[in-house]
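Just so we're clear, the structure is a prediction, and the values are computed from it rather than from any experiment.
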Amino acid sequence: VAKQIGTQLFGFDLLVSSTTGQYFLVDGNIFPGYKGVAGADVSIRRHLVQQAAQAAVRDDVRRLSSPDMVRRICIATVPEWGDSDGIDVIRMRSHSNNVFRVRNATPSVSKSSSKRQDVICRLFGREEFGPKGAFENALVAELSSRKLCAGLISCVCAPYFSESMHLGRVEEWLPGQTMIDLLREPSTDLPGIAGHIGRALSRLHSLLGNEAQDGGASSVSGLFRSPLKPKVLSRGRRWRISAMIAVNGSLLQKMEIWQELLRGFNSIAAEIEVLMAEASDSMCSSYSSQIVFGHFDPTPANVVVMGGGCKPTGAELVDFEWAGPNLAVYDFAKFFISMQMRIDQGGCHCTEEQLKVAMRSMVESYLKTHLAGSEEQHAGFDLGSEVAKLCQDIQTYASVVAAVNMFSNLIHASEENQLRELIPQTADLWLPGGSFNWLAHASAHMRLYLRNKPRA
């Protein structure tokens, strides 16, 4: 309503006809009333300050995104870099388009192993700055101290607010290749890479289970509300409602090209709650339903492989903006559907059968790493049987993950105005102007949902 009438702060009363379902706006107030609400003045003041801060930070991010400003940020951040160095700024292709690889091309730096040659500069966008940016930076700092992600070099903050507004951060550059690049090469050892990802996931997932070894509550656990609850459940329900609000009255209903997406979304939104509960109740492996510290977005784009595709020596996860307590099976299922999508889009040389072999390699490495030195491993433990159970659970949960990500895609589409005035006219993943087509991405997840949905 605010977008339609061009206002930002107002209150209104609605009546709904019990016979026709028609809405009637019966009262509109320039400023909403808060009679009887304790501490309303404090809450309103905090809200207005936060709104002003976010508006200022949006402008900051836009200004800081210029190559010259990114260069200056990194020179000021990396101790061994100076003003006279030749710094190259490369904007990396991402949905937010605010991620940069910054390289010091000065010959003396390039030849010296003691000096850092590359860093990553991430500038936040949308609602990521402020409290969420502070949380993510704290999380990355904790994970980097435990050698579980690229090291945090420095946070980038806006200095002119009483509560520091986090604009982004500068991180280590991992010396490897993203998995997306390697998937285009026929010689890539997919099961070998998957095995390394399984070990990386095991180290990450065990973080919440190490509280006793840490001498008390884990500082990572302390970043989240207690008791720890799976993020897939809360986000799935919240994103479903937000997506329904975004789709209702959008141009999807009037555009023939998106009719299949609209029908699929309406069907999935109606049944996902039941399917989510059934999938959680039908897990075969005890490991699948464990609450772990999950990555939530382990796609090929967020995996850096060391040693090359033919003889991989390791793999690391990057981008922890969605990380948190979650069901262990989720990360596996997210990687699985992401690989299915790559195969469908022609960005991968492997087949579905080869993908299943890779998933078994990932699960086996995960369990072996988890059980190394653990009291859980005993003479009666059947590794092959446990691998088969967890792989079956991944297949079962893949439809839930596809649905949750479809909801998220539609929310992103709404934020980018792709459900209203700027709705894409084609199903291409990348639009002519270089922006990402969130509706095409949502359609891909919808099809994966239908493919992986358990049959009655």
Side-chain angles (χ1 to χ4, degrees), residues 92 94-99 120 122-144 146 148-150 152 166 168-169 171 178-180 197 200-201 203-205 207-208 220-225 228-243 276 290-304 316-339 341 397-398 400-416 436 438 441-442 444-445 448:
M92 302 181 69
S94 66
H95 298 166
S96 64
N97 225 21
N98 286 334
V99 182
I120 289 290
R122 301 179 189 274
L123 298 176
F124 297 146
R126 290 191 291 272
E127 285 73 39
E128 294 167 353
F129 40 69
K132 188 177 188 298
F135 163 78
E136 188 183 337
N137 283 340
L139 176 60
V140 169
E142 179 64 30
L143 294 178
S144 64
R146 295 170 180 257
L148 290 171
C149 73
L152 175 67
H166 290 255
R169 62 178 176 270
E171 303 172 337
T178 62
M179 191 175 175
I180 279 186
I197 297 173
L201 282 177
R203 294 194 300 270
L204 188 67
H205 284 188
L207 207 53
L208 294 187
V220 173
S221 301
L223 294 172
F224 303 95
R225 292 180 180 177
L228 302 176
K229 297 181 180 180
K231 291 293 184 181
V232 61
L233 303 182
S234 58
R235 286 173 180 163
R237 289 162 184 156
R238 186 172 72 249
W239 289 353
R240 168 180 168 268
I241 294 171
S242 296
M276 189 178 290
Q290 287 183 357
I291 298 182
V292 300
F293 184 80
H295 185 279
F296 206 82
D297 197 25
T299 66
N302 289 335
V303 174
V304 176
E316 298 289 345
L317 295 166
V318 298
D319 289 355
F320 286 83
E321 64 173 303
W322 297 108
N326 206 9
L327 300 180
V329 70
Y330 184 96
D331 278 348
F332 293 99
K334 179 61 185 286
F335 180 83
F336 178 66
I337 66 166
S338 298
M339 284 296 297
M341 188 178 295
Y397 215 76
V400 172
V401 177
V404 169
N405 281 270
M406 181 190 66
F407 299 151
S408 174
N409 299 156
L410 289 169
I411 295 169
H412 284 307
S414 178
E415 292 172 346
E416 299 292 335
F436 191 76
W438 288 104
H441 205 43
H445 278 111
L448 289 173

Enquirer: Say you draw a straight line from CG of Leu204 to CD of Glu316; how long is it, rounded to the nearest 0.5 Å?
Expert: 10.5 Å

Enquirer: Before giving the answer on side-chain contact (heavy atoms from CB on, under 4.5 Å), spell out for Leu207 and Arg146 the whole-Å C-alpha distance, their side-chain angles and the decisive distance to 0.1 Å.
Expert: CA-CA 10 Å; Leu207 207 53; Arg146 295 170 180 257; 3.5 Å; yes

Enquirer: Which residues satisfy the salt bridge (Lys or Arg N to Asp or Glu O under 4.0 Å) test with Arg237, sequence neighbours excluded?
Expert: Glu273

Enquirer: Under the rule for ring pair (Phe, Tyr, Trp, His ring centres under 6.0 Å), what residues qualify as partners of His166, not counting sequence neighbours?
Expert: none

Enquirer: How would you list, by chain and number, every residue that makes a ring pair (Phe, Tyr, Trp, His ring centres under 6.0 Å) with Tyr330, sequence neighbours excluded?
Expert: Phe296

Enquirer: Please name the pair of heavy atoms, one in Met276 and one in Tyr397, separated by the smallest distance, quoted to 0.1 Å.
Expert: CG-OH, 4.3 Å

Enquirer: List the residues meeting side-chain hydrogen bond (donor to acceptor under 3.5 Å, both in side chains) with Ser408, not counting sequence neighbours, and say none if there are none.
Expert: none

Enquirer: Under a 3.5 Å distance rule, please check whether Asp331 uses its side chain to pair with a backbone N or O of Gly294 as donor and acceptor.
Expert: no

Enquirer: A side-chain contact here means heavy atoms from C-beta on lying under 4.5 Å apart; do Leu228 and Leu208 qualify?
Expert: yes

Enquirer: For a side-chain contact (heavy atoms from CB on, under 4.5 Å) check, start with the C-alpha distance between Asn98 and Phe124, then their side-chain angles and the critical distance, and finish with the verdict.
Expert: CA-CA 7 Å; Asn98 286 334; Phe124 297 146; over 6 Å; no

Enquirer: Do you know the tightest heavy-atom contact between His205 and Ala328?
Expert: CE1-O, 3.6 Å

Enquirer: List the steps and the verdict of side-chain contact (heavy atoms from CB on, under 4.5 Å) for Trp322 and Arg235.
Expert: CA-CA 10 Å; Trp322 297 108; Arg235 286 173 180 163; 3.8 Å; yes

Enquirer: Taking side chain as C-beta onward, heavy atoms only, is Leu201 less than 4.5 Å from Leu317?
Expert: yes

Enquirer: Tell me, please, which residues at least two apart from Thr299 pass side-chain contact (heavy atoms from CB on, under 4.5 Å).
Expert: Asp297, Ala301, Asn302, Lys334, Ser338

Enquirer: Please give me the minimum heavy-atom distance between Met406 and Ala442, naming the atom from each residue.
Expert: CG-O, 3.6 Å

Enquirer: With a 4.5 Å heavy-atom cut-off, do Ile337 and His445 have their side chains touching?
Expert: yes

Enquirer: With rounding to the nearest 0.5 angstrom, report the NZ to CG distance, Lys229 to Asn326.
Expert: 14.0 Å

Enquirer: With a 4.5 Å heavy-atom cut-off, do Glu415 and Trp438 have their side chains touching?
Expert: no

Enquirer: Is there a side-chain contact between Cys149 and Val140 in this structure, where contact means two heavy atoms from C-beta onward sitting under 4.5 Å apart?
Expert: yes

Enquirer: Please tell me if the side chains of Pro325 and Lys231 come closer than 4.5 Å, counting only heavy atoms from C-beta onward.
Expert: yes

Enquirer: Indicate the atoms forming the closest heavy-atom contact of Ala141 with Leu152, along with that distance.
Expert: CB-CD2, 3.6 Å

Enquirer: Any non-hydrogen side-chain atom of Thr178 less than 4.5 Å from a side-chain atom of Val318?
Expert: no

Enquirer: Could you give me the CA-CA distance, side-chain angles and deciding distance for Met179 and Ile197, then say whether side-chain contact (heavy atoms from CB on, under 4.5 Å) is met?
Expert: CA-CA 11 Å; Met179 191 175 175; Ile197 297 173; 3.9 Å; yes

Enquirer: Which residues satisfy the side-chain hydrogen bond (donor to acceptor under 3.5 Å, both in side chains) test with Glu171, sequence neighbours excluded?
Expert: Arg122, Arg169

Enquirer: Side chains of Leu448 and Val401: does their closest heavy-atom pair fall under 4.5 Å?
Expert: no

Enquirer: Quick one: ring pair (Phe, Tyr, Trp, His ring centres under 6.0 Å) partners of Phe332, sequence neighbours excluded?
Expert: Tyr366

Enquirer: Which heavy atom of Gly236 sits nearest a heavy atom of Val404, and at what distance?
Expert: CA-CG2, 4.0 Å

Enquirer: Using the side-chain hydrogen bond (donor to acceptor under 3.5 Å, both in side chains) criterion, which residues pair with His295? Sequence neighbours excluded.
Expert: none

Enquirer: With Ala323, which residues qualify under side-chain contact (heavy atoms from CB on, under 4.5 Å), at least two apart?
Expert: Leu139, Phe293, Phe320

